[in-house]
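See structure below.
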Number of protein chains: 2
Amino acid sequence: MALSAALLAAAGELTQRVHEGVVARGFADLRPAHGFAFARLAPDGATVTELAAHLGVTKQAASQLVDEVVRRGYAERRPHPGDARARLIVLTERGWACTRAAEEAAAEVVGGWCEVLGEAQVMALWESLAKVAPCGPVRPAW
Amino acid sequence: MALSAALLAAAGELTQRVHEGVVARGFADLRPAHGFAFARLAPDGATVTELAAHLGVTKQAASQLVDEVVRRGYAERRPHPGDARARLIVLTERGWACTRAAEEAAAEVVGGWCEVLGEAQVMALWESLAKVAPCGPVRPAW
DNA sequence: CGAATTGGTCAAGCAGCCTGACCATATAGT
DNA sequence: ACTATATGGTCAGGCTGCTTGACCAATTCG
């Protein structure tokens, strides 16, 4: 179906342009995959196991990804308040700055869409997508 | 933005379910990435270089991917009619069967969306996406 | 209190992609 | 026509991200 192609094209372009926007704002040492991790870490932090589940990878892979972002100063491992085995991964100030940069870049792209479609159409698009994939995986899927 | 998340979720779910559908129809030795290659090969075949450009990878990676699908009987390398250096990669009958299976699986998913949104909304969704990403990359983007 | 479970890391291996080098054919320059 | 350059494709080697398997520390259940 052509709809499938259009959907994949839009998602690919969004990912690509958000990544470009993040890089342009000075965060060049990150890959798109890190963004998906930040999305899970942002609200209140998360454990490695939770992050692994969110990204659909093994704990080891998630742990390795956390190593990277910690080494680059975007997050830190803290003792978990309620479980001495676990560690709570939380964003640092730099991590939050990067998250805000990603939101700005995303808003820019969506703004461009509003100019093409009109705001009402974009809202309709959003609602349709939300109904169609209520809890789909917000992560690299292929 | 929540729209971004919804879009990525929908694209991820589509990719995943199409792949599941293809596997369920008996083509278990393929990855989603192969599907993006088939999309370029399907109409009239393509050279390795064209395929590489379409997938956004190097010629070497594309050549290796072609090796895999040839070894598994989905495609074959033929001499290129107009250029003795080049080879035209074309789908075999098995390759076409797999392509049809993918289209069936995609139609199933979209059919499910029609039940949720109604056919008119799905058409509107399609048109909006087509306007927004007229020539986005139909390939794994992250 | 011992047994089984869960969170996390360490170690080794593999798959997919990249860079660099190379050959064969095609195209352009003179 | 003949060389020079560009293009299509492959081979070889290396790197990165992810996986499986094993293990330790802390928790929970009997």
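In what follows, chains are A, B, ... by sequence order, proteins preceding strands, each numbered from 1.
Residue K59(A) contributes atom NZ, which lies 11 Å from atom C1' of dC23(D) at whole-angstrom precision. To the nearest angstrom, P of dT10(D) lies 14 Å from CD of E68(B). At whole-Å resolution of the value, CD in Q64(A) and C1' in dC10(C) are 12 Å apart. What separates CZ of R87(A) from C1' of dA26(D) is a distance of 13 Å, to the nearest Å. Taking atom CG of L55(B) as the reference point, atom C1' of dC18(C) lies 15 Å away to the nearest angstrom. L51(A) places its CG atom 14 Å from the C1' atom of dC18(D), with the value rounded to the nearest Å. Rounded to an integer number of Å, the gap from D83(A) CG to dG8(C) C1' is 11 Å. When rounded to the nearest whole Å, the span between CG of D67(B) and P of dA12(D) equals 12 Å.
Put simply, R31(A) has no side-chain N or O that comes within less than 4.0 Å of OP1 or OP2 on dT16(D). Taking 4.0 angstrom as the limit, T49(B) places a side-chain polar atom (N or O) nearer than this to OP1 or OP2 of dG9(D). The phosphate of dG9(D) has OP1 or OP2 within less than 4.0 Å of a side-chain N or O from T47(B). T58(A) has no side-chain polar atom (N or O) that falls below the 4.0 Å cut-off from OP1 or OP2 of dT20(D).
A 4.5 Å side-chain heavy-atom check between L3(B) and W113(A) finds at least one atom pair inside the cut-off. Proximity of T47(B) to H80(B): side-chain heavy atoms (C-beta onward) are separated by under 4.5 Å at one or more points.
Contacts of A86(A) with the nucleic acid, taken as non-hydrogen atoms under 4.0 Å apart, involve only primed sugar atoms and P, OP1 or OP2.
Between E108(B) and R25(B) there is a salt bridge, since a side-chain N of the basic residue sits under 4.0 Å from a carboxylate O of the acidic one. With respect to the salt-bridge test (charged N to carboxylate O, under 4.0 angstrom), the residues E93(B) and R100(B) qualify. Between E13(A) and R17(A) there is a salt bridge, since at least one side-chain N of the basic residue sits less than 4.0 Å from a carboxylate O of the acidic one.
Of the candidates dA26(C), dC18(D), dC18(C), dC18(C) carries the atom nearest the A61(B) side chain, counting heavy atoms from C-beta on. Picking from dT9(C), dG8(C), dT6(C) the nucleotide with the shortest atom distance to the side chain of R85(A) gives dT6(C). Side-chain proximity of Q60(B) to the nucleotides dC18(D), dG8(C), dC11(D) is greatest for dC11(D).
Transitive grouping of hydrophobic side chains (ILVMFWY, heavy atoms separated by less than 4.5 Å) brings W126(B) and V122(B) into a common cluster.
At its two ends the helix from dC1(C)-dG30(D) to dT30(C)-dA1(D) runs along axes set 30° apart, each axis drawn from five pairs and the angle rounded to 10°.
Nearest-nucleotide assignment on DNA chain D puts the 5′-proximal partner with I89(B), out of A84(A) and I89(B).
For H19(A) (side chain) and L30(A) (main-chain N/O), a donor-acceptor pair under 3.5 Å exists by modelled atom type.
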